[in-house]
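Sharing a structure with you now.
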Amino acid sequence: MGPPDASELPILPPELERKIFELAVVLEHPSSALPLMLVAHRTHRWIASVLYNIANQLSKIYPAKRGDPSKPDLTYYGPFVKHIILGGDMKAEKISMFFSSCPNLIDVALWSHCRTKAFLGFFDDMKLERLSTNISTLDPEDFQTSALSNITHLDITKFGSGWPRWKDLTVLPRLTHLAINEVVDVDIIRRLLHHCKQLQILLLVEVGTAWNMGDIFISDPRLVMMKLCRYVVEDWRDSALGKENMWSWAEEISLAKQRGLFKDETLLCTWFGEKGWRRQLGDLCHDTN
């Protein structure tokens with residue numbers, strides 16, 4: 001008996017076929033990617049979207065050293081990139097080159113001395129959902145442009161002081177997660193919780209300078225306070241990969257507050273440490289067993 005006729009082979013739905021190929025690359029060794037990419041044009045596109053989904057420019061994974069034929073050119077892999085972290089000592093021209101070559105970004109961490117405002121034009125044509133950057137150079141009208149209209153997760157490395165400045169965030173229509181990495185007045189926190197109607201998490205991050213919360217009590221379960229070692233590439237990458245990260249930690253703490261699991265309401269404004277926060281949370285909550 002010879003091989004089955006091609007017309008007799010089962011035809012899988014494209015979505016299922018794609019999932020099988022993607023899992024083959026993710027679960028098996030990456031070396032399996034190249035032969036699978038050669039199966040068909042569509043499989044090449046599917047697998048490339050897995051291989052080049054995340055671009056870490058801070059550790060210089062891409063682009064490869066000149067003359068290395070085993071690594072692709074930015075013009076090739078750029079359209080497949082969905083998550084990118086860049087900045088450091090990169091000049092504005094190079095950052096612009098990456099943004100122009102990666103038109104399908106949904107997640108950007110721009111940890112740079114360059115002005116974020118200079119790159120808003122690139123964001124206009126994207127459907128950017130997550131942004132981690134210094135937004136102190138943005139003007140009030142910038143928050144009402146298409147560049148930020150799809151933002152759900154905003155990680156602010158620096159912004160400014162005074163409610164008139166922070167009020168600009170209230171016009172972001174899809175903002176659900178907000179992280180603040182600089183000390184601001186408690187009144188600003190209260191106002192953000194009140195005016196940002198879609199907000200699910202307001203994460204206060206103590207990086208170096210201590211927050212002077214005093215005896216201020218805010219019972220809103222969306223407020224989470226953590227002492228974290230920030231601007232670590234691994235945490236951003238874990239988020240891009242769907243692994244545990246500061247956002248998922250904050251969500252778990254917030255959920256415990258929403259469910260009324262804390263033993264005492266006065267403990268709702270507890271600062272959680274990066275290491276051992278889950279054990280700390282367990283100590284503060286009622287035993288649910």
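FYI, the numbering just counts along the sequence from 1.
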Quiz prompt | Distance (rounded to the nearest 0.5 Å) between T176 OG1 and I151 CD1 | solution = 10.0 Å
Exercise. State, with a plain yes or no, whether a side-chain heavy atom of T170 is found less than 4.5 Å away from one of F143.
Key: no
Quiz item: Going from CG on L268 to CG on D220, what distance comes out if it is rounded to the nearest 0.5 angstrom?
Solution: 10.0 Å
Exercise. Please report the C-alpha distance between W271 and L204 in whole Å, then the side-chain angles of each, then the deciding distance to 0.1 Å, and finally whether the side-chain contact (heavy atoms from CB on, under 4.5 Å) criterion is met.
Key: CA-CA 9 Å; W271 284 93; L204 306 185; 4.2 Å; yes
Quiz item: For residues 111-123, which residue pairs qualify under side chain to side chain donor-acceptor pair (under 3.5 Å), counting only residues two or more places apart or in two chains?
Solution: W111-S132, T116-T133, K117-D139, K117-D142
Quiz item: Is the F99 ring parallel, tilted or perpendicular to the F122 ring (thresholds 30°, 60°)?
Solution: tilted
Practice problem: Taking the side chain as every heavy atom from C-beta outward, state whether L58 and W236 have any pair of such atoms under 4.5 Å apart. | Solution: no
Quiz item: Of the non-hydrogen atoms in I95 and C114, which two are nearest, and what is the gap between them?
Solution: CD1-SG, 4.1 Å
Exercise. Mind checking the CE-OG spacing from M90 to S96? Nearest 0.5 Å is all I need.
Key: 9.5 Å
Quiz item: Quick one: NZ on K257 to CG on L267, what's the gap to the nearest 0.5 Å?
Solution: 10.0 Å
Quiz item: Is any side-chain heavy atom of I84 less than 4.5 Å from a side-chain heavy atom of D107?
Solution: no
Quiz item: So do the side chains of I106 and R130 get within less than 4.5 Å of each other, counting heavy atoms only?
Solution: no
Self-check item: Verdict with reasoning, V205 to D155, per side-chain contact (heavy atoms from CB on, under 4.5 Å)
Solution: CA-CA 10 Å; V205 183; D155 177 23; 5.9 Å; no
Quiz item: Yes or no on side-chain contact (heavy atoms from CB on, under 4.5 Å) for V171 and L148, after CA distance, side-chain angles and deciding distance?
Solution: CA-CA 10 Å; V171 303; L148 303 178; over 6 Å; no
Validation: residues 192-200 side-chain donor-acceptor distances under 3.5 Å, sequence neighbours left out:
residue	atom	partner	partner atom	Å
K197	NZ	H194	O	3.1

Quiz item: How far apart are the C-alpha atoms of R278 and E252, what are their side-chain angles, what is the distance that settles it, and do they pass the side-chain contact (heavy atoms from CB on, under 4.5 Å) test?
Solution: CA-CA 9 Å; R278 191 170 276 119; E252 190 168 334; 2.9 Å; yes
Quiz item: To the nearest 0.5 Å, what is the distance between CG (L203) and CD (E251)?
Solution: 10.5 Å
Quiz item: Is it true that a side-chain atom of D238 and a backbone atom of K243 form a donor plus acceptor pair closer than 3.5 Å?
Solution: no
Quiz item: Under a 4.5 Å cut-off applied to non-hydrogen side-chain atoms, are V108 and F119 in contact?
Solution: no
Quiz prompt | D283 backbone acceptor or donor facing K263 side chain under 3.5 Å | solution = yes
Quiz item: Within the distance-only criterion (no hydrogens, no angle test), does the side chain of S100 pair as donor or acceptor with the backbone N or O of M97 below 3.5 angstrom?
Solution: yes
Exercise. Kindly say whether F159 contributes a backbone atom to a donor-acceptor pair with the side chain of E182 at under 3.5 angstrom?
Key: yes
Quiz item: To the nearest 0.5 Å, what is the distance between OG1 (T270) and CG (L281)?
Solution: 9.5 Å
Quiz prompt | Any C102 side-chain heavy atom under 4.5 Å of L74 side chain | solution = yes
Exercise. Just say parallel, tilted or perpendicular for the rings of H177 and H153, cut-offs at 30° and 60°.
Key: parallel
Quiz item: Hey, are S254 and Q258 close enough side-chain-wise for a donor-acceptor pair under 3.5 Å?
Solution: yes
Exercise. For the pair E274 (side chain) and C229 (backbone), establish whether a donor and an acceptor sit closer than 3.5 Å, ignoring hydrogens and angles.
Key: yes
Practice problem: For the pair Q57 (side chain) and G88 (backbone), establish whether a donor and an acceptor sit closer than 3.5 Å, ignoring hydrogens and angles. | Solution: no
Exercise. May I ask you to decide if N150's main-chain N or O and K127's side chain share a donor-acceptor pair within less than 3.5 Å?
Key: no
Quiz item: N181 side chain to I156 main-chain N or O, any donor-acceptor pair under 3.5 Å?
Solution: yes
Quiz item: Any donor-acceptor pair under 3.5 Å linking the side chain of N53 with the backbone of V81?
Solution: no
Practice problem: Evaluate the side-chain proximity of D168 to I135: yes if any heavy-atom separation is below 4.5 Å, no if none is. | Solution: no
Exercise. Mark yes or no for whether T152, through its side chain, and E129, through its backbone, hold a donor-acceptor pair below 3.5 Å.
Key: yes
Exercise. Quick one: sort the W277 and W249 rings into parallel, tilted or perpendicular, breaks at 30° and 60°.
Key: tilted
